[in-house]
Amino acid sequence: MSARAPLPAGGAGARAAGRTGGRQVLAEYGYEGASTSRIAATAGISPGSLYQYFPHKDAIVLAVLERYGDTLVSHVTTRMTGQFAQPAPVIVRTAVAALLDGLDVEPPLLRAVVEDGPRLDDGRALRAFEQRVGELVLAHLTTRRRELRPDVPLDTAVWMLVRTVEHLTVRYLLDRPPVPRDRFTEELTHLVLAHLRPPS
């Protein structure tokens with residue numbers, strides 16, 4: 001069971017505690033088990049205090065999803081810093097590994113993000129994540145345009161690659177197929193490179 005957090009001081013503290021409690025409960029019990037009373041108890045605040053900042057459970061979940069996306073983008077960006085001068089296979093492999101590591105922290109939370117997030121916010125959090133990662137990928141591909149297939153528009157390549165890597169990575173972590181992690185990383189790296197490289 002989740003440990004009870006210390007009672008926070010002030011409104012900002014209560015709001016942050018509610019979000020943290022929501023994340024802990026989602027990670028442990030999933031969306032269906034994430035009641036507001038359970039979240040309040042985990043956060044160390046009263047249900048009344050929780051309702052002052054989050055009118056219902058879905059509002060808490062949405063706040064958790066937003067912070068989750070911000071943290072994931074920050075993790076991937078930090079891991080990729082200084083990597084763009086490396087050969088293309090190294091860059092792609094590092095990006096795939098960073099995404100795997102960033103997502104593979106709390107599988108029940110990831111499942112809630114994937115399965116319940118789009119229903120709760122019409123996919124806004126997911127699109128925001130894809131947009132931010134896409135901007136990072138586009139900036140890199142632009143600097144290497146002459147190394148890529150001349151017939152593929154960069155915006156098309158970015159849209160397809162971001163969603164392909166995201167989908168396969170999420171499914172790998174949720175489905176847990178009998179594929180070693182390093183083999184999955186290598187195969188996904190090969191898929192990305194094969195799409196981008198010009199024909200021999």
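- Residues that satisfy the ring pair (Phe, Tyr, Trp, His ring centres under 6.0 Å) test with H190, not counting sequence neighbours, are absent from this structure.
- Using a distance-only test at 3.5 Å, with no hydrogens or angles considered, a donor-acceptor pair links the side chain of R145 to the main chain of R149.
- The two residues P153 and D151 come nearest to each other via the heavy atoms CD-O, 3.5 Å.
- Taken together through direct or relayed side-chain contacts under 4.5 Å among Ile, Leu, Val, Met, Phe, Trp and Tyr, L193 and I91 form part of one hydrophobic cluster.
- A 6.0 Å sphere centred on CZ of R146 holds no more than 12 heavy atoms belonging to other residues, nucleotides or ligands.
- Checked against side chain to side chain contact (heavy atoms under 4.5 Å, CB included), L161 has the following partners two or more places apart in sequence or in another chain: V192, H195, L196.
- In the hydrophobic cluster analysis, where Ile, Leu, Val, Met, Phe, Trp and Tyr join through side-chain heavy atoms closer than 4.5 angstrom, V73 is grouped together with L65.
- A search for salt bridge (charged side-chain N to carboxylate O under 4.0 Å, His left out) contacts involving R38 returns nothing, not counting sequence neighbours.
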request  = Any chance you could lay out the side-chain hydrogen bond (donor to acceptor under 3.5 Å, both in side chains) test for T78 and T81, step after step, and finish with the verdict?
outcome  = CA-CA 5 Å; T78 299; T81 298; 5.5 Å; no
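- Minimum heavy-atom separation, G33 to V25: O-CG1, 4.1 Å.
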Full working for side chain to side chain contact (heavy atoms under 4.5 Å, CB included) between R19 and Y53 = CA-CA 10 Å; R19 187 174 55 235; Y53 303 97; over 6 Å; no
List the atom pairs, donor and acceptor, that lie under 3.5 Å between side-chain atoms in residues 130-139 and the rest of the protein, sequence neighbours left out.
| unit_1 | atom_1 | unit_2 | atom_2 | d |
| --- | --- | --- | --- | --- |
| E130 | OE1 | R163 | NH2 | 3.3 |
| Q131 | NE2 | E135 | OE2 | 2.9 |
| R132 | NH1 | D70 | OD1 | 2.7 |

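- By the 4.5 Å heavy-atom criterion applied to side chains, L99 and L72 are counted as neighbours.
- The hydrophobic clustering, which links ILVMFWY residues whose side-chain heavy atoms are closer than 4.5 Å, places M80 and V92 together.
- Applying the under-4.5 Å side-chain rule to Ile, Leu, Val, Met, Phe, Trp and Tyr, the cluster around M160 extends to W159.
- Between the CG atom of L62 and the CZ atom of R124 there is a distance of 7.0 Å, given to the nearest 0.5 Å.
- Counting only residues at least two apart or in different chains, salt bridge (Lys or Arg N to Asp or Glu O under 4.0 Å) contacts with residues 71-99 comprise R79-D101, R93-E186.
- Under the 4.5 Å side-chain heavy-atom criterion for Ile, Leu, Val, Met, Phe, Trp and Tyr, V96 and V179 are members of the same hydrophobic cluster.
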ask   = Can you check side-chain hydrogen bond (donor to acceptor under 3.5 Å, both in side chains) on Y31 and D58, steps first, answer last?
value = CA-CA 9 Å; Y31 176 81; D58 287 354; 2.5 Å; yes
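- Using a 4.5 Å cut-off between side-chain heavy atoms of Ile, Leu, Val, Met, Phe, Trp and Tyr, with links allowed through other members, L141 and V90 fall into different hydrophobic clusters.
- The closest side-chain donor-acceptor pair between S46 and S49 falls under 3.5 angstrom.
- At a threshold of 4.5 Å between non-hydrogen side-chain atoms, the residues Y172 and L100 count as touching.
- For the atom pair L174 CG and R111 CZ, the distance stands at 4.5 Å (nearest 0.5 Å).
- Considering only heavy atoms from C-beta on, E187 stays 4.5 Å or farther from L191 through its side chain.
- Among all heavy-atom pairs drawn from A43 and A17, the shortest one is CB-O, 3.2 Å.
- Nearest heavy atoms, L26 versus A112: CD2-CB, 4.1 Å.
- One finds the CD1 atom of I60 at 7.5 Å from the OH atom of Y51 (value rounded to the nearest 0.5 Å).
- The CZ atom of R171 sits 6.5 Å away from the NE2 atom of H167 when rounded to the nearest 0.5 Å.
- Between L109 atom CG and Q24 atom CD the span is 11.0 Å, to the nearest 0.5 Å.
- Here the side chain of T169 pairs no donor or acceptor atom with the backbone of E166 at under 3.5 angstrom.
- With contacts defined as side-chain heavy-atom distances shorter than 4.5 Å, the pair L148/P198 does not qualify.
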